[in-house]
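Written out below as structure tokens is the structure these notes cover.
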Amino acid sequence: MPENFIQDIITEDLKEGKYGGRVRTRFPPEPNGYLHIGHAKSICLNFGLAQANGGLCNLRFDDTNPTKEDVKYVESIKEDVRWLGFDWDDRCYYASDYFEELYEFAIQLIKAGKAYVCDLSPEEIKEYRGTLTEPGKESPYRNRSVEENLDLFRRMRAGEFPNGSRTLRAKIDMASPNLNMRDPVLYRIIHAPHHRTGDKWCIYPTYDFAHPLSDAIEQITHSICTLEFADHRPLYDWLIENVDFSKFGPVKPKQIEFARLNLTHTVMSKRKLRQLVERGYVSGWDDPRMPTIAGLRRRGYTPEAIRDFCERIGVAKRNSIVDIALLEHCVREDLNKRAPRVMAVLRPLRVVIDNYPDDQVEWLEAENNPEKPEMGTRRVPFSKVIYIEQDDFMENPPKKFYRLAPGREVRLKNAYIIRCDRVVKDERTGQVIELHCSYDPNTKSGSPGANRKVKVTLHWVSAAHAIPAEVRLYDYLFLSENPDELEDFLSDLNPNSLQRLESCMIEPSVAGAPPGTRYQFLRQGYFCVDPDSTPEKLVFNRIVTLKDEWAKVAGTR
RNA sequence: UGGGGCGUCGCCAAGCGGAAAGGCAUCAGCCUUUGGAGCUGACAUUCGCAGGUUCGAAUCCUGCCGCCCCAGCCA
């Protein structure tokens, strides 16, 4: 893991012998949605930092609000963390496991005169809180006796009071310039079943109360969170200082904040992602265009590429938007080494090789990956009628177009050099529907005559042997780099973010490939078999294109 | 007009008083049976701005300017 300011802090702590040389972090998702690439940054950071410093990282579900959370998210979160390549062993915890201990901590504070039951309504609490520039007013219930507070708090737990009627508040400072210190709510009454504790509780701790103390219970040394919690740190520290949790150990956890990840051409907030799903702009949380882990996985991204990305973006406190081109670079780099090459024609154009024997089929040898000879070779069938890409032919080619055109020669990858002799067009539309070519038998790949230079090599597929497939091409979900700064981010949705090509032709070697199999389609990009595939028809997702010099020249990029 | 955080190349990001790492992107060339990959080279006399301290400042001081976060019984 590369150096960053948090590692610097850990290094310093280790040097000073703080925490007895222990490092313990935690990844604390709330089970109320799916994980996205921003979470991946946090996961890589927390697990990575622990790993790099001989420590461990816990998985802890921050499930203190039963009205927003659901077990269904727990499994997906675990699956995503595991898929990213991290392991919490038997350390999967829940804040709800600590409800009894947290309750005791609250009793402690009450007994010490540092917390009180407040009968103000939510609206009144808001009024009493003051504003950014004016101090708040003390609650009239602030100076209840310890006995009364104890009694009331027990009765809150017993379910004697309705939702919102009372809260437990810390007694700190209503005049603090930091609003979080103006007697923050520690417990609220919520008569709702919890996904893990059922109806055992009707009072639930707030994040502010539960988080630092859960960290203390788990003896977390470095509690890493995002920037917006910086204002909560004084409260975090206040609780760590004012609660006696020594029976759990001597470590006093400390909170460290870093900037969350933003990516160009997408949105990251759960609220916005949820809108995309619920309003049907995407097919689900795992739509391959989504920045969710599930979406990236389905798209075909590898965990290695995502981890590499998370390392390269660095960790700092500056709000930033990372160019999605870096993520794309990371998958390309990973897949270039790993993905077998295969030929697939996305928009087929029929080519008849007039001088090739009618019924002849040659099985030609093709490298699976020129970057890695040890990945071996395979045989691809060549015959009289083949398909090439429509984009690889132009009747009136512009200047820098190197591909096939009337009278021009190109090489067919792993096969022969062909020349275009005749163009067949649809009489009414003028559309090119077929090409007649001739091949040079002396130019077979690997033979001495194959050395002749031609400008470019095309991919192709034998018509009689090709298997049909659907290919889904993806583009950015949003047109602008930062849809977050728009009044209406939905107005920025890219109408062409998904393009389905239903009649693609692929070389027969890919037949039967299971979902999740990744290939490089020669000259086009990296593709992954989608779970929508059936025995009759494979469905592929384009993970990312190859870099495309021609697209740049032609201005189609 | 409160508090907290942040301002180094188009995008990330090192740097912590001795004189601007690296990655992505971009551009140019080489190479290539993927216009892929690979290789080579170019790319901040300058660190939000203005003063000051110092032999010496992106790094220290002062003052401005700009951006982000906070008034949920969300996290």
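Letters go in sequence order (proteins before strands), and every chain restarts at 1. Note that this is a predicted model, so its numbers are computed, not measured.
Atom name P, nucleotides rU46(B) and rG10(B): the rounded distance is 13 Å, in whole Å. As rounded to the nearest Å, rG5(B) and rC31(B) have C1' atoms that lie 49 Å from one another. The separation of rG38(B) from rA50(B), taken at their C1' atoms, amounts to 49 Å, rounded to a whole angstrom. Atom C1' of rC16(B) sits at a distance of 31 Å from the matching atom of rG2(B), rounded to the whole Å. With both ends at atom C1', the span from rG23(B) to rG15(B) equals 16 Å, rounded to whole Å. Comparing the C1' positions of rG17(B) and rC61(B) gives an interatomic distance of 13 Å, to the nearest angstrom. Atom C1' of rG48(B) sits at a distance of 7 Å from the matching atom of rC65(B), rounded to the whole Å.
Separating the CG atom of Asn4(A) from the P atom of rA14(B) is a distance of 8 Å, rounded to the nearest angstrom. Between the CD atom of Glu3(A) and the P atom of rA21(B) there is a distance of 19 Å, given to the nearest Å. Here the P atom of nucleotide rA13(B) and the CG atom of Leu45(A) are 12 Å apart, to the nearest Å. Distance CG (Leu326(A)) to C1' (rU26(B)): 15 Å, rounded to an integer number of Å. The distance between atom CZ of Phe258(A) and atom P of rA14(B), rounded to the nearest whole Å, is 13 Å. One interatomic measurement links the two molecules: OH of Tyr187(A) to P of rA75(B), which rounds to 12 Å at whole-angstrom precision. Between Asn262(A) atom CG and rA13(B) atom P the separation is 11 Å, expressed in whole Å. Between the NZ atom of Lys317(A) and the C1' atom of rG4(B) there is a distance of 9 Å, rounded to whole Å.
Glycosidic conformation, rG5(B): anti, with the torsion outside 90° of 0.
Residues satisfying the salt bridge (Lys or Arg N to Asp or Glu O under 4.0 Å) criterion with Arg144(A), sequence neighbours excluded, are Asp119(A), Glu148(A). Evaluation of the ring-ring contact (aromatic ring centres under 6.0 Å, His included) rule for Tyr439(A) yields Tyr356(A), Tyr416(A) as partners, not counting sequence neighbours. Under the side-chain hydrogen bond (donor to acceptor under 3.5 Å, both in side chains) criterion, Ser445(A) pairs with no residue at all, not counting sequence neighbours. Looking at residues two or more places apart in sequence or on another chain, you find no side-chain hydrogen bond (donor to acceptor under 3.5 Å, both in side chains) involving His195(A). Remark: Asn32(A) pairs with Glu30(A), Lys270(A) by the side-chain hydrogen bond (donor to acceptor under 3.5 Å, both in side chains) rule, at least two apart or across chains. Legend: residues meeting ring-ring contact (aromatic ring centres under 6.0 Å, His included) with His329(A), ordered by chain and number and at least two apart, are absent. By the side-chain hydrogen bond (donor to acceptor under 3.5 Å, both in side chains) test, Asp215(A) is found to be paired with Arg60(A), Ser223(A), Tyr236(A), residues two or more places apart in sequence or in another chain being considered.
Base pairing of rG18(B): its partner is rC55(B), meeting the Watson-Crick or G-U wobble criterion (both donor-acceptor distances under 3.5 Å). The nucleotide rG2(B) finds its pairing partner in rC70(B), both defining distances of the Watson-Crick or G-U wobble pair being shorter than 3.5 Å. Within the shown strands, rC27(B) is the pairing partner of rG41(B) under the Watson-Crick or G-U definition, both distances less than 3.5 Å. Judged by Watson-Crick or G-U wobble contacts below 3.5 Å, the nucleotide rC9(B) has no partner. Across the strands present, rU62(B) finds its partner in rA50(B); the criterion is a Watson-Crick or G-U wobble pair with both atom distances under 3.5 angstrom. For rG35(B), there is no paired nucleotide, since no Watson-Crick or G-U wobble pair has both relevant distances below 3.5 Å.
Between Lys552(A) and rC27(B) there is a side-chain N or O to OP1 or OP2 distance below 4.0 Å. In terms of phosphate contacts, Arg188(A) brings a side-chain nitrogen or oxygen within less than 4.0 Å of OP1 or OP2 of rA75(B).
For RNA chain B, the residues of residues 158-174 of chain A within the heavy-atom distance limit of 4.0 Å (strictly under) are Gly164(A), Thr167(A), sorted by number. Contacts of residues 33-40 of chain A with RNA chain B (heavy atom under 4.0 Å): none. Less than 4.0 Å separates RNA chain B from at least one heavy atom of each of the following residues of residues 129-137 of chain A: Arg129(A), Thr131(A), Leu132(A), Thr133(A). Contacts of residues 119-128 of chain A with RNA chain B (heavy atom under 4.0 Å): Leu120(A), Ser121(A), Pro122(A), Ile125(A), Lys126(A).
Remark: the backbone N or O of Ile110(A) is not paired with any side-chain donor or acceptor of Asn149(A) at under 3.5 angstrom. A side-chain donor-acceptor contact under 3.5 Å links Thr11(A) to the backbone of Gln7(A).
Residue His232(A) is classed as a base contact, given a heavy-atom separation below 4.0 Å to a base. Within the 4.0 angstrom heavy-atom criterion, only backbone atoms of the sugar-phosphate kind lie near Ile321(A); the bases stay farther away. At the heavy-atom level, Val315(A) lies under 4.0 Å from the strands shown only through sugar-phosphate atoms. Asn319(A) comes within 4.0 angstrom of the backbone, heavy atoms only, and of no base. Residue Phe229(A) is classed as a base contact, given a heavy-atom separation below 4.0 Å to a base.
Trp460(A) and Phe382(A) have perpendicular rings, their planes meeting at more than 60° on a 0 to 90° scale where under 30° would count as parallel. Using cut-offs of 30° and 60° on the angle between ring planes, the pair His39(A) and His36(A) is tilted. Between Phe527(A) and Phe521(A), the angle of the ring planes stays under 30°, which puts this pair in the parallel group of the 30/60° scheme.
Closest to the side chain of Arg318(A), out of rG7(B), rC12(B), rA75(B), is rG7(B).
A salt bridge is defined here as a Lys NZ or Arg NE, NH1 or NH2 lying under 4.0 Å from an Asp or Glu carboxylate O, and Glu257(A) with Arg233(A) meets this definition. Taking a cutoff of 4.0 Å between a charged side-chain nitrogen and a carboxylate oxygen, Lys15(A) and Glu12(A) qualify as a salt bridge. Taking a cutoff of 4.0 Å between a charged side-chain nitrogen and a carboxylate oxygen, Arg419(A) and Asp440(A) do not qualify as a salt bridge. In this structure, Glu389(A) does not pair ionically with Arg403(A), as no charged nitrogen and carboxylate oxygen lie closer than 4.0 Å. Ion pairing between Arg452(A) and Glu409(A) holds under the 4.0 Å rule for side-chain N and carboxylate O. Between Arg260(A) and Glu228(A) there is a salt bridge, since at least one side-chain N of the basic residue sits less than 4.0 Å from a carboxylate O of the acidic one. Ion pair Asp97(A)/Arg196(A) flagged as a salt bridge, since at least one NZ, NE, NH1 or NH2 atom sits closer than 4.0 Å to an Asp/Glu carboxylate oxygen.
Side-chain to base pairing of Asn178(A) with rG4(B): no donor and acceptor N or O lie closer than 3.5 Å to each other.
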- Message: How would you summarise protein contacts on nucleotides 31-43 of chain B per nucleotide, using B for base, S for sugar-phosphate only and - for none, with heavy-atom distances below 4.0 Å?
- Response: --BBBBS------
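Two residues are said to be in side-chain contact when any heavy atoms from C-beta on lie closer than 4.5 Å; Leu35(A) and Ser76(A) fail this criterion.
Toward the 5′ end of RNA chain B lies the nearest nucleotide of Ala259(A), the other residue of the pair Ala259(A) and Tyr207(A) mapping further downstream.
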